[in-house]
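Heavy-atom basis, side chains included; hydrogens, waters and symmetry copies ignored. Every chain is numbered from 1 and lettered A, B, ... according to where its sequence line falls, protein lines coming before strand lines.
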Number of protein chains: 2
Amino acid sequence: MLKVNKLTDYAVVVLCDLLRGDRLRSAADLAQSSGVPLPTVSKILKQLARTGLLQSARGVNGGYGFGRPPAGISMAEVIEALEGPIAVTGCVEDSGEMCEFVHQCPMNGHWNAVNVAIRRSLDEVRLVDMLPEARFMDPEDLNRVIAERHAAAMQA
Amino acid sequence: MLKVNKLTDYAVVVLCDLLRGDRLRSAADLAQSSGVPLPTVSKILKQLARTGLLQSARGVNGGYGFGRPPAGISMAEVIEALEGPIAVTGCVEDSGEMCEFVHQCPMNGHWNAVNVAIRRSLDEVRLVDMLPEARFMDPEDLNRVIAERHAAAMQA
DNA sequence: CACAAACAGGACTAAAACAGTACCGTATCT
DNA sequence: AGATACGGTACTGTTTTAGTCCTGTTTGTG
Ligand code: FES
Ligand code: FES
């Protein structure tokens with residue numbers, strides 16, 4: 001059903017939580033406030049940090065914060081960070097794998113059209129659009145608030 | 001990685017093959033000419049017929065043909081026929097399941113935005129766009145040829 | 001300097017989904 | 001009657017996913 005990983009699903013919940021604060025948050029903290037089990041949250045955050053979407057600080061008072069201005073993060077990036085490149089089938093450019101029917105396949109990689117379409121639509125949905133506030137707030141105000149929090153977190 | 005079932009992948013190969021002929025084709029025939037194993041082809045066709053995308057005729061000289069003008073079939077329909085409603089996560093309208101975090105979830109079903117975006121983009125890619133001919137032929141010519149073949153198959 | 005808080009990386013297991021196959025039944029044509 | 005072809009469904013091995021745990025490293029604090 002064209003499903004996304006459960007991890008990715010949780011990730012959005014956690015990221016939205018992180019979007020709300022203005023400082024580094026520890027994995028335990030985020031687990032607590034999001035309701036997602038700690039080991040899982042931990043796994044997600046580690047992965048997101050690895051890709052640069054988040055940045056991390058170790059030691060006492062450490063935790064996670066956004067690696068760059070969160071208003072600019074798209075859902076495509078979140079999904080790709082956790083699941084690797086978006087590829088609806090094996091026979092799509094960039095997927096790494098190669099379809100077993102290539103030799104006789106009557107439509108060399110035409111799934112690409114589908115893939116590109118999906119990719120583009122995911123680029124257009126931003127992470128901040130997932131916040132419930134997004135429904136009521138003026139988009140510009142939302143962006144400004146988020147940007148301010150990010151700045152605060154950075155200097156801390 | 002937002003993958004589509006292998007069955008769905010094969011289905012497109014088979015459907016493209018079917019798009020080429022102007023008569024009913026048996027499962028065995030299609031398996032032969034597409035290179036996909038017969039039992040698999042059979043499974044796919046059965047399912048597609050159940051949803052009405054294809055129509056079937058039993059008995060000698062029976063087989064499968066399109067249930068309606070193929071030029072109007074979108075990839076969204078093909079995917080939904082084989083995998084059920086498109087739902088990237090559990091917490092999306094129509095998915096049937098219900099997310100376990102609904103109670104405390106900070107963003108009730110905002111995945112819907114993503115889902116709708118994907119759905120729309122899949123609606124815009126047509127099955128006939130998957131044919132290699134689609135790259136070289138004038139789209140209108142392609143549609144006409146396909147429509148003629150369909151008509152021929154219908155009257156037969 | 002010792003200790004505690006936090007992240008980093010990876011290994012492991014149980015459960016679920018998928019892929020592929022097979023079997024038996026029903027309809028249709030000759 | 002018999003051959004062809006679809007219809008439904010059940011079964012099984014394999015692969016993926018989800019979730020957990022453990023061990024190591026970094027960093028602030030008393
Ligand atoms: S089905 Fe993979 S290359 Fe065509
Ligand atoms: S994560 Fe499912 S309702 Fe929010």
Side-chain angles (χ1 to χ4, degrees), chain A residues 1-11 13-14 18 23-32 35-65 67 79 82-84 87-90 96-97 99-101 156, chain B residues 1-11 13-14 18 23-32 35-65 67 79 82-84 87-90 96-97 99-101 156:
Chain A
M1 318 98 180
L2 223 44
K3 270 217 185 76
V4 98
N5 276 348
K6 234 170 177 182
L7 270 194
T8 310
D9 191 355
Y10 296 160
V13 177
V14 171
L18 190 55
R23 58 199 171 75
L24 291 187
R25 312 269 306 274
S26 73
D29 184 8
L30 286 165
Q32 176 91 51
V36 180
L38 174 56
T40 304
V41 170
S42 193
K43 196 175 189 173
I44 292 166
L45 294 171
K46 271 184 267 190
Q47 181 59 27
L48 289 174
R50 219 171 296 168
T51 67
L53 220 71
L54 297 184
Q55 67 181 190
S56 63
R58 297 209 217 188
V60 180
N61 296 325
Y64 292 92
I79 293 175
L82 283 150
E83 318 197 354
V88 288
T89 72
E97 336 164 35
C99 168
E100 57 177 309
F101 290 115
Chain B
M1 317 98 182
L2 223 43
K3 270 216 186 77
V4 98
N5 275 347
K6 231 170 178 184
L7 271 194
T8 309
D9 192 355
Y10 295 161
V13 177
V14 171
L18 190 55
R23 56 196 171 79
L24 292 187
R25 311 269 307 273
S26 72
D29 183 11
L30 285 165
Q32 175 90 51
V36 179
L38 173 56
T40 304
V41 170
S42 193
K43 195 177 190 172
I44 292 167
L45 294 172
K46 272 185 265 188
Q47 180 60 25
L48 290 174
R50 215 173 299 170
T51 68
L53 220 71
L54 295 186
Q55 67 182 190
S56 62
R58 299 207 215 188
V60 179
N61 295 325
Y64 292 92
I79 293 175
L82 284 151
E83 317 197 356
V88 287
T89 72
E97 335 165 35
C99 167
E100 57 178 308
F101 290 115

Rounded to the nearest Å, what distance is computed from the [atom1] atom of residue [X] to the [atom2] atom of nucleotide [N]?
| X | N | atom1 | atom2 | result |
| --- | --- | --- | --- | --- |
| A:K3 | C:dC18 | NZ | P | 7 Å |
| B:L38 | C:dG20 | CG | P | 14 Å |
| A:L45 | C:dG9 | CG | C1' | 15 Å |
| B:D29 | D:dT4 | CG | P | 14 Å |
| B:L7 | C:dT21 | CG | P | 11 Å |
| A:D9 | D:dT17 | CG | P | 15 Å |
| A:N5 | D:dG19 | CG | C1' | 13 Å |
| A:K43 | C:dA11 | NZ | P | 13 Å |

Pairwise 5' ranking along DNA chain D for A:T40 and B:S42, keeping only the more 5' one
B:S42
Quick one: is A:Y64 getting a side-chain N or O under 4.0 Å of the C:dA6 phosphate, OP1 or OP2?
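Looking at the OP1 and OP2 atoms of C:dA6, neither is under 4.0 Å from any side-chain N or O of A:Y64.
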With a 4.0 Å limit, can you tell me whether A:Y10 has a side-chain N or O closer than that to the phosphate oxygens OP1/OP2 of D:dA18?
no
For a quick test of reading the model, state the closest non-hydrogen atom pair linking A:P37 to A:A31 and the distance between them.
C-CB, 4.3 Å
Shortest non-hydrogen contact from B:L82 toward B:A11:
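Residues B:L82 and B:A11, closest heavy atoms: CD1-CB, 3.3 Å.
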Cut-off 3.5 Å, no hydrogens considered: what does the side-chain donor-acceptor table look like for residues 47-62 of chain A, sequence neighbours left out?
residue: A:Q47; atom: OE1; partner: A:R50; partner atom: NH1; Å: 3.4
residue: A:Q47; atom: NE2; partner: A:A81; partner atom: O; Å: 3.1
residue: A:T51; atom: OG1; partner: A:L48; partner atom: O; Å: 2.9

Under 4.0 Å from any atom of DNA chain C, heavy atoms only: list the residues of residues 46-59 of chain A that qualify, in numerical order.
A:K46, A:R50, A:S56, A:A57, A:R58, A:G59
Given C:dC7, D:dG7, D:dG19, identify the nucleotide with an atom nearest to the side chain of A:A27.
C:dC7
Can you tell me which nucleotide in C:dC29, D:dA18, D:dG28 comes closest to the side chain of A:V60?
D:dG28
Roughly how far, to the nearest 0.5 Å, is [atom2] of [Y] from [atom1] of [X]?
| X | Y | atom1 | atom2 | answer |
| --- | --- | --- | --- | --- |
| A:R23 | A:L18 | CZ | CG | 10.0 Å |
| B:T8 | B:E83 | OG1 | CD | 3.5 Å |
| A:Y10 | A:T40 | OH | OG1 | 6.5 Å |
| B:L2 | A:T89 | CG | OG1 | 11.5 Å |

